[in-house]
Each structure stands twice: as C-alpha cells, then as structure tokens.
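Note sheet for the following structure.
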Amino acid sequence: KGLSVVEAAIIQIVFNLGGVGGNVLFGLLMDKVPGTATAIVMYCCLIVFLAPLAYVHSVAATALLGIAIGVFALGGQMVIYAMVPIYYPTLMRGTGVGWSVAVGRIGSFAGPVLVGQALRLGFGPSAILIGAIPALTIAALAIVTLLKLPQAHE
C-alpha cells in the first residue's frame, strides 16, 4: 500500500494491540454468548473491516482498520482455541487442540507465500485484500458447521 517502514511498523503495532483487546473482548463474550454466535460475529466483523482496508489510503484510516482487524483476527483466533477442547474427550483433548493450532500455523506461513506470489504476478494490495473475503467466508461457514457437531462427553 506504499507505506513507509515506520508507518508499516506502527500499523503492525496497533494491529497487535487490537489483538490484545480482542482477546479480552472475546473472552468476556464467550462467558455470555454461545460459541457459534461468537464465531459468526468474529468472522462477519473481520470481513466488514477488511473490505475497506483495500480502499483507504491514509495512514490514520489504515491504523484504525488495523486495530479493528487485530481485534477480530487475533482476538477471534483465541476464541477458536478456547472452543476446540469441548469437542474432544479428555484423553485426546491435547491432540485435538494441537491439530487445530497446527492447521492455523499452516495458514501463517502459507498466506505470506501466496500473497508474495500474487504480488509477483501483478496483483495489488487491494485485490489481495478483497480476494481474502471469499476465503474468510468459507472459513466462517466451516467453523459454524464444525460447531454444530456434538460436544465430547467424558
């Protein structure tokens, strides 16, 4: 998006601060709202804040959207980790949570590789951000489907 190194660092910092706030927010929500509803809110809000990021050009607007995206991307990720254990019996709970974390980590390294290739092919940052929305929609539908599975009983 043409940000300087300093501007990009500031955006990264506020993104992570948003994640800290998101952890607290979603932690409180998880105590009061069913997990499925929390996951739906998380993904919908992530899409709502990600879409305009493709079109803003000011550092201030990018930072504000960065905070919001941090809330829902990083904070929301912790919701998934908190919900996964209830779907596994005690004897395999660690393995189940480990697999969910591992799948998330695949995205952590595959995403930048795919984005780098898209940039190399001439796609701009805006196209890449908009292109993420269908993937987020699929992830939201997958998580809602998985959350309808029966919970583990001891």
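Quick note: numbers below take in every heavy atom, side chains included, and nothing from hydrogens, waters or symmetry partners. In this text, all values refer to a predicted model and were calculated from it rather than measured experimentally.
Shown here are the side-chain contact (heavy atoms from CB on, under 4.5 Å) partners of T145, two or more places apart in sequence or in another chain: there are none. Annotation: ring-ring contact (aromatic ring centres under 6.0 Å, His included) contacts of F49 (sequence neighbours excluded): F72. Residues that satisfy the side-chain contact (heavy atoms from CB on, under 4.5 Å) test with R120, not counting sequence neighbours, are Q117.
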Donor-acceptor pairs are to be reported for all side-chain atoms of residues 37-45 against protein atoms at under 3.5 Å, with residues two or more places apart or in another chain.
unit_1	atom_1	unit_2	atom_2	d
T38	OG1	P34	O	3.1

With a 3.5 Å cut-off and sequence neighbours excluded, list the donor-acceptor pairs that the side chains of residues 56-70 form with protein atoms.
unit_1	atom_1	unit_2	atom_2	d
H57	NE2	Y55	O	3.3
S58	OG	A61	N	3.0
T62	OG1	S58	O	2.8

Just list the side-chain donor-acceptor pairs under 3.5 Å for residues 21-29, sequence neighbours left out, or say none.
unit_1	atom_1	unit_2	atom_2	d
N23	ND2	G19	O	3.2

Going by atom type alone, with no hydrogens or angles, which donor-acceptor pairs under 3.5 Å involve a side-chain atom of residues 129-142 and a protein atom two or more places apart or on another chain?
unit_1	atom_1	unit_2	atom_2	d
T137	OG1	I133	O	2.9

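Contact annotation: the side chain of W99 never approaches that of V84 to less than 4.5 Å [non-hydrogen atoms, C-beta and beyond].
Residue V33 is grouped with residue V71 when hydrophobic side chains (ILVMFWY) are merged at heavy-atom distances under 4.5 angstrom, including chains of intermediate members. Hydrophobic clustering of Ile, Leu, Val, Met, Phe, Trp and Tyr side chains at less than 4.5 Å, counting indirect connections, keeps F15 apart from V20. Linking ILVMFWY side-chain heavy atoms closer than 4.5 Å, directly or via other members, places I143 and M78 in a single hydrophobic cluster. L53 and L114 fall into different hydrophobic clusters, where Ile, Leu, Val, Met, Phe, Trp and Tyr side chains are chained together by heavy-atom contacts under 4.5 Å.
Residues near V113 contribute nothing to a hydrophobic cluster around it, because no ILVMFWY side-chain heavy atom sits closer than 4.5 Å to its side chain. Within the hydrophobic cluster formed by Ile, Leu, Val, Met, Phe, Trp and Tyr side chains joined at under 4.5 Å, directly or through other members, I128 is accompanied by V115, L119, L121, F123. Residue I106 is found in a hydrophobic cluster whose other members, listed by chain and number, are F109; membership requires side-chain heavy atoms under 4.5 Å apart, directly or through intermediates. Under a 4.5 Å side-chain heavy-atom cut-off, the cluster of Ile, Leu, Val, Met, Phe, Trp and Tyr residues that includes V5 has no other member.
The minimum heavy-atom distance linking G107 with P112 is given by the pair O-CD, 4.0 Å.
Residues in residues 126-136 take part in no side-chain hydrogen bond (donor to acceptor under 3.5 Å, both in side chains) pair, two or more places apart or across chains.
Between the OH atom of Y87 and the OG atom of S100 there is a distance of 12.5 Å, given to the nearest 0.5 Å.
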